[in-house]
Trainee: 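Mind having a look at this structure? Questions to follow.
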Protein chains: 2
Amino acid sequence: MTPTTPPRPTPAEQTAPSGEAAAPTACPAAFAMELVAHKWTIHILFALHRADAPIRFRKLQRETAPITQKELTKRLRELERSGLVARRIFAEVPPRVEYRLTDLGRTLMPALVGLHRWAEQHGGEVVDHWRRAERESG
Amino acid sequence: MTPTTPPRPTPAEQTAPSGEAAAPTACPAAFAMELVAHKWTIHILFALHRADAPIRFRKLQRETAPITQKELTKRLRELERSGLVARRIFAEVPPRVEYRLTDLGRTLMPALVGLHRWAEQHGGEVVDHWRRAERESG
DNA sequence: CTGCATCCCCTTGGATACTG
DNA sequence: CAGTATCCAAGGGGATGCAG
């Protein structure tokens, strides 16, 4: 028997679902930050930035490896919906779909490049600290 | 036929677990990026930046709401281990633990501020695009 | 042949209760 | 007050099937 009466504490009451944000209820800036502060989003945007030209899905996936197609699709939809990325479909055989940064998307790049620079400059220190802590604490 | 033979494709073989990166195998820069490109990490670092002084756990949680204690603890340990955040424990009652940015952590802030500025300047556009797509596609 | 949706499963993150 | 342990829903990875 299942007299369980599932506790069901507070099922679903999030303010900003990171995966599929329904509607930015609060601050737009926070919404934009959440969009960008995602593991794969930055990789994708950088790949598009480096390409500096329309790039096909498959190629994009290789550039952002080891991302999965599922995740890449998801994030591209999200970015497209946010106006940072544009998708162009060619009605031809074999099918071709190209992605590119929009003007709005390009405005993001300086900040992302800054982040990337920091990572390149201080990544070594971070890893060093990490390894040291690993040695000390076990 | 016994369809048993569970497909069992490739159970667990990840290269870079984002949650608890064991050891930065590849590029340190990539490791640092993954560390920063996390939903809560940026919020936490900004809170520490704004405080500009040692801040207690509870206070930090309020500043980074609606983060959970579990997540805050996890990310703080990660940041501490990476050398971006320092933790100081006071052996007193009631217990007190203070967190602060390290010098290394401060080097990150300019880049993060840049990101934040972008979010404040263009967050409106992002939300606008989002809403428009929502209206057009259903 | 390319891109996307679906399935299953494991990991991550949120919420609560409890201990030092 | 700080932190851990536990339960549970959701997110993300892998493989496959399908549509254009």
Side-chain angles (χ1 to χ4, degrees), chain A residues 2 4-22 34-35 37-41 43-44 54-81 85 87-99, chain B residues 3 5-22 34-35 37-41 43-44 54-78 80 85 87-99 137:
Chain A
T2 45
T4 30
T5 317
R8 189 63 57 165
T10 321
E13 195 173 9
Q14 291 177 262
T15 37
S18 47
E20 289 286 341
E34 304 253 329
L35 177 70
H38 224 278
K39 182 181 177 181
W40 293 113
T41 304
H43 287 261
I44 295 169
I55 182 175
R56 300 180 66 168
F57 184 89
R58 208 60 163 142
K59 174 97 173 176
L60 188 55
Q61 187 181 359
R62 287 192 174 280
E63 297 290 325
T64 54
I67 196 174
T68 60
Q69 290 149 343
K70 183 183 175 182
E71 188 66 11
L72 182 55
T73 298
K74 194 175 185 179
R75 297 269 92 95
L76 280 172
R77 297 267 164 155
E78 192 180 52
L79 289 170
E80 185 192 4
R81 190 171 200 179
V85 166
R87 177 173 61 166
R88 188 173 181 188
I89 308 168
F90 294 83
E92 60 187 44
V93 159
R96 183 168 52 150
V97 180
E98 290 183 345
Y99 295 88
Chain B
T5 323
R8 186 63 53 173
T10 322
E13 195 175 9
Q14 290 178 262
T15 37
S18 48
E20 289 288 340
E34 302 254 330
L35 176 71
H38 224 278
K39 183 182 176 182
W40 293 113
T41 304
H43 287 262
I44 295 169
I55 181 175
R56 301 181 67 166
F57 184 90
R58 209 61 163 140
K59 175 96 173 176
L60 188 55
Q61 187 181 0
R62 288 190 175 279
E63 295 292 324
T64 55
I67 195 175
T68 60
Q69 291 113 344
K70 184 183 174 182
E71 189 65 10
L72 182 55
T73 298
K74 193 176 184 179
R75 298 268 94 94
L76 280 173
R77 296 247 189 257
E78 191 179 52
E80 184 192 5
V85 166
R87 177 173 61 165
R88 189 173 181 188
I89 308 169
F90 294 84
E92 59 187 46
V93 159
R96 181 169 52 153
V97 179
E98 291 183 346
Y99 295 87
S137 295

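The sequence lines fix the lettering, A, B, ..., with proteins before strands; numbering per chain opens at 1. These values consider heavy atoms only, across backbone and side chains, with no hydrogens, waters or symmetry-generated copies. Remember, predicted model here, so these are calculated numbers, not experimental data.
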Trainee: Rounded to the nearest angstrom, tell me the gap between atom NZ in B:Lys59 and atom C1' in D:dC1.
Mentor: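 The distance from NZ of B:Lys59 to C1' of D:dC1 comes to 15 Å, rounded to the nearest Å.
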Trainee: Side-chain N or O of A:His38 versus OP1/OP2 of D:dG12: is the shortest distance under 4.0 Å?
Mentor: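 It does, given that an N or O in the side chain of A:His38 lies less than 4.0 Å from OP1 or OP2 of D:dG12.
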Trainee: Give A:Arg96 one of three labels, base, sugar-phosphate or nothing, depending on what nucleic acid heavy atoms sit under 4.0 Å from its own.
Mentor: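 Nothing, no nucleic acid heavy atom in range.
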Trainee: Round to the nearest Å and state the distance from B:Ile67 atom CD1 to C:dG13 atom C1'.
Mentor: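 It is 10 Å, rounded to the nearest whole Å.
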Trainee: How long is the line joining CD of B:Glu71 and C1' of C:dT11, in whole Å?
Mentor: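 In whole Å, C:dT11 C1' lies 13 Å from B:Glu71 CD.
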Trainee: Counting only side-chain nitrogens and oxygens, does A:Arg58 get under 4.0 Å of the OP1 or OP2 atom of C:dG3?
Mentor: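 Indeed not, no polar side-chain atom of A:Arg58 lies that close.
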Trainee: What is the distance from CD of B:Gln69 to C1' of D:dA5, rounded to the nearest Å?
Mentor: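 Rounded to the whole Å, the gap is 13 Å.
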Trainee: Less than 4.5 Å apart, side chain to side chain, heavy atoms only: is that true for A:Ile44 and A:Val85?
Mentor: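 Not in contact.
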Trainee: Any side-chain N or O of B:Arg87 under 4.0 Å from OP1/OP2 of D:dG3?
Mentor: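 Looking at the OP1 and OP2 atoms of D:dG3, one of them is under 4.0 Å from a side-chain N or O of B:Arg87.
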Trainee: Would you say D:dG3 has OP1 or OP2 under 4.0 Å from some side-chain N or O of B:Tyr99?
Mentor: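 The answer is yes; a side-chain N or O of B:Tyr99 sits under 4.0 Å from OP1 or OP2.
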Trainee: Taking the nucleotide of DNA chain C with the nearest heavy atom to each, does A:Pro94 or A:Lys70 sit closer to the 5' end?
Mentor: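 By nearest-heavy-atom nucleotide position, the 5'-most residue is A:Pro94.
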Trainee: Give a yes/no on whether any side-chain N or O of A:Trp40 is located under 4.0 angstrom from OP1 or OP2 of D:dG13.
Mentor: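 For D:dG13, OP1 or OP2 has a side-chain N or O of A:Trp40 closer than 4.0 Å.
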Trainee: Take atom CZ of A:Phe57 and atom C1' of C:dC4, then tell me their distance rounded to the nearest Å.
Mentor: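 After rounding, the gap between these two atoms is 7 Å.
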Trainee: For the side chain of A:Arg75, counting heavy atoms from C-beta on, which of D:dG12, D:dC1, C:dA5 is nearest?
Mentor: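 So the nucleotide nearest the side chain must be D:dG12.
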Trainee: For B:Glu98 and D:dA2, what is the distance between atoms CD and P respectively, to the nearest whole Å?
Mentor: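 B:Glu98 atom CD is separated from D:dA2 atom P by 9 Å.
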Trainee: Taking atom CZ of B:Arg87 as the centre, does the number of heavy atoms from other residues, nucleotides or ligands within less than 6.0 Å exceed 12?
Mentor: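 Yes.
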